[in-house]
Amino acid sequence: RQSLSGSCIAGAIRMCDASSPTPPILSVGQVTLQTSSPLTESGDRQHRKLCLPSESWRSLNFDSPPPVTSESSASSVCTASSAASDANGKTDRATLFSMPLTVVIFGATGDLARKKLFPALYELMLQEHIPRWTSIVGCGRSPQDPDAFLAKQCVNVRDDPAWPRGCFLRLVRYHCLEGGYADARSHARLAEEEVRRYEERHPTGPCGNRLFFLSVPPAVFGAVAEMVSAHGRAAAGGFTRLLIEKPFGRDSASFEELNSLTARHFDETQLYRIDHYLGKEILLNISSLRWANSLFEPLWSAEHIEAVQVTFKEDLGTQGRGGYFDGVGIVRDVIQNHLLQALLFLTMEPPEDMSAAAILAAKVSLLKSVRTLDLRRGDAFLAQYGPSEDGGRKGYLDDPTVDPRSRCPTFAACVLSIDSDRWRGVPFLLSAGKGLDERLCEVRVRFRPKPYNALLGVDSANELVMRVQPDEAIYVVAVAKTPGLCAGVGREERRTPVAMGLRYATQFGDGSPFVAPDAYERMLLNAARGDQALSVSAAELTEAWRIFTPLLHQIDEELPPPVVHPFGQTPRGYEAWTEAHGVDIAPPATHWSAKEAEAHAAAKASAMAAAKAAAAPPLEPRDPMDSDSFMW
């Protein structure tokens, strides 16, 4: 808390604890202060909680002229200021914090905004990755009561005493696009009433930066892009960037149509196509494992690697989203984007440098060498979950939003082949499904056995396992001698498969369940800073759809009957199909399964909660999983 006197206020500070919807504005010299109640004429001290970070408070130039409000003056000031982006399109932190920033969310009444976007923006401001004076405008097509909108859509925003939740809520407004997403008058009013007015009143304005997040159906991407281009572009000196949430079309033709609509109005450097799985900590660690170490890259080829699996499993059904899912399917929903992006970082050649352009070039080069998928060639396995054997879980066709005759696969597996010197002959298995036995996302790299393994009677393969969820971990399955006495060295000795590695909760935390920054925080931050290293380029999508479009058309047109399996079980015939493609899906000889990981994390959380309640450290035996480097 800060004691403020009416005579010493300088700068434009938004107060967060105002009781009225529109707090009064106090003018002090050339600047303004928004307060929750008028300061008294006698200058009595008022206690307020400042929403502006201390470093920004100190950096304000109190001797600068008042903000320019005329359009011509605004243009001249913006042109004279330093540009918001450098020659590579990036925006450094100092520049980002020296200008107004507006984030506009189209589709702000939806689930994504409630569950991910508003909480992510709060976290970015809390940690001062973006300015705490950022203006957030949520847009939708139906009128909303402002208080009801905040109560519903910001329900998942937490409250940290370092920067209270109330400060954030004061920055969020709702704007109704009464004429729809394609209505020019609605967008002109949005730009004038919500964006330009904020920039002109900002002490560093009137030139500002603008981010537009399109959390809307692909059918309106083009209309929104056109309206933003016509009415919402930032003045000279500020940046305008669009974040587009998947899906990016249904096939090659629909993507090309969609891409032409957005490219007509915005340059590729202004478009940030979001695949939030690229913001997962484990997948981000792939490049560090490969190129920050000398251990893995020399083994990263068909000479040493037998097969690679990228697996996504859910122990839930469609949860009432069957109507949407039935028109998309698991291949479009997960495999063609999330899992393929993980595969690219696993298999691409080392880029020239770690710039966005070099990374994107390496990914596109790899994609060009991937063979197109063909159902008739047996490149895919399709299944659909039915009711559980005990009748406790319903099947996919029991969802009232699903056509009871639907053949939409809820489980799919594809084997990709990469025709390159590094990877020729290695099968890459991408599999995803709902209604399975566990919640799991992991990458498994299986190494080829070598002739000298027979010297010690070993026939189990080494594996590198990277578990994305639950309870993030990276471990290597190897073979070690079992302690004990025997004569000689060799086959007489006992050996045991072991797993060696790290748990994120232990290595990067206190042993409690590891909480990583949400992937959307990283995507929003990258867009604000102008870094496209984790965005999906148009060239990538062109090649990705080339690989999957023939398979998807075969599924849509031929409607092959999927293998129906009981909820919670692996589809019948799947293991034989993977073996025929040279992939062994059996768990490693020793591994930390997802269920064990979740049970361990839950036990740790329970122990820590009990310890806090008792105001004493937890009393428990030493757990080998809790050491920085462990062996099971």
Side-chain angles (χ1 to χ4, degrees), residues 110-112 115 217-219 245-247 249-251 254 277 310-340 373-415 429-441 469-470 548-578 580-581 585 594-595:
D111 286 347
L112 181 65
K115 294 177 180 178
E245 177 73 14
K246 77 171 186 70
R250 293 180 52 84
D251 54 17
S254 59
Y277 253 63
V310 185
T311 303
F312 176 92
K313 300 167 71 176
E314 286 187 329
D315 55 0
L316 300 172
T318 51
Q319 305 293 99
R321 293 178 62 248
Y324 163 79
F325 185 87
D326 206 56
V328 177
I330 196 70
V331 177
R332 289 186 179 95
D333 197 36
V334 179
I335 297 178
Q336 186 270 345
N337 37 70
H338 299 331
L339 303 193
L340 183 63
L373 292 169
D374 189 335
L375 187 63
R376 299 186 185 91
R377 199 168 52 220
D379 291 341
F381 181 96
L382 309 176
Q384 185 186 94
Y385 70 85
S388 60
E389 290 185 340
D390 62 4
R393 304 298 294 268
K394 294 182 178 180
Y396 177 67
L397 299 183
D398 295 322
D399 188 326
T401 63
V402 173
D403 184 339
R405 299 165 298 176
S406 173
R407 291 186 173 184
C408 175
T410 60
F411 173 90
C414 308
V415 174
L429 175 65
L430 309 185
S431 65
K434 296 179 178 292
L436 297 172
D437 58 330
E438 59 184 350
R439 171 179 172 263
L440 173 71
C441 181
Q469 63 186 28
F548 282 91
T549 291
L551 171 66
L552 290 167
H553 283 180
Q554 289 169 335
I555 295 173
D556 294 342
E557 295 167 7
E558 300 176 15
L559 298 175
V563 175
V564 178
H565 65 93
F567 193 107
Q569 295 185 23
T570 301
R572 174 176 40 84
Y574 177 55
E575 186 172 354
W577 180 84
T578 58
H581 285 81
I585 63 170
K595 290 181 179 179

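What you see is a predicted model, and the numbers here were worked out from it, not measured in a lab. Sequence positions, counted from 1, serve as the residue numbers for this chain.
- Counting heavy atoms of neighbouring residues, nucleotides and ligands inside a 6.0 Å radius, atom CZ of Arg572 does not exceed 12 of them.
- Atom OG1 of Thr311 is separated from atom CD1 of Ile585 by 8.5 Å, given to the nearest 0.5 angstrom.
- Using a distance-only test at 3.5 Å, with no hydrogens or angles considered, no donor-acceptor pair links the side chain of Asp315 to the main chain of Gly568.
- Between Leu373 and Phe548 the shortest heavy-atom distance is CD1-CE2, 3.5 Å.
- From Lys394, atom NZ reaches atom CG of Asp399 across 9.0 Å, with rounding to the nearest 0.5 Å.
- Of all non-hydrogen atoms in Ala432 and Val334, the two that sit nearest each other are CB-CG1, 3.8 Å.
- Considering Leu551, Thr410, Ile330, Ile555 in turn, Ile555 is the only one that fulfils the side-chain contact (heavy atoms from CB on, under 4.5 Å) rule with Leu382.
- Using a 4.5 Å cut-off on side-chain heavy atoms (C-beta onward), Leu112 and Glu245 make contact.
- Remark: Leu436 CG to Lys313 NZ distance equals 6.0 Å, nearest 0.5 Å.
- Under a 3.5 Å cut-off, the side chain of Arg376 and the backbone N or O of Gln554 do not form any donor-acceptor pair.
- With hydrogens and angles disregarded, no donor-acceptor distance shorter than 3.5 Å links the side chain of Lys115 to the backbone of Gly110.
- Here the straight-line distance linking atom CG of Leu340 with atom NE2 of His338 works out to 11.5 Å at 0.5 Å rounding.
- One finds the OG1 atom of Thr570 at 8.5 Å from the CD atom of Glu438 (value rounded to the nearest 0.5 Å).
- For the atom pair Glu389 CD and His565 NE2, the distance stands at 12.0 Å (nearest 0.5 Å).
- Between the side chain of Gln384 and the backbone N or O of Cys408, at least one donor-acceptor pair lies under 3.5 Å.
- Between Leu397 and Val402 there is a side-chain heavy-atom pair separated by less than 4.5 Å.
- The minimum heavy-atom distance linking Ala413 with Trp577 is given by the pair O-CH2, 3.6 Å.
- Of all heavy-atom pairs spanning Leu552 and Arg332, the tightest one is CB-NH2, 3.8 Å.
- Contact of the Thr318 side chain with the Tyr385 side chain is registered, since non-hydrogen atoms from C-beta on lie closer than 4.5 Å.
- Of all heavy-atom pairs between Pro561 and Arg407, the closest is CD-NH1, 3.7 Å.
- Considering only heavy atoms from C-beta on, Thr578 stays 4.5 Å or farther from Phe381 through its side chain.
- Asp251 contributes no side-chain N or O that, together with a main-chain N or O of Thr549, makes up a donor-acceptor pair within less than 3.5 Å.
- Among all heavy-atom pairs drawn from Phe325 and Pro409, the shortest one is CE2-O, 3.7 Å.
- The backbone N or O of Gly323 sits nowhere less than 3.5 Å from a side-chain atom of Asp326 that would complete a donor-acceptor pair.
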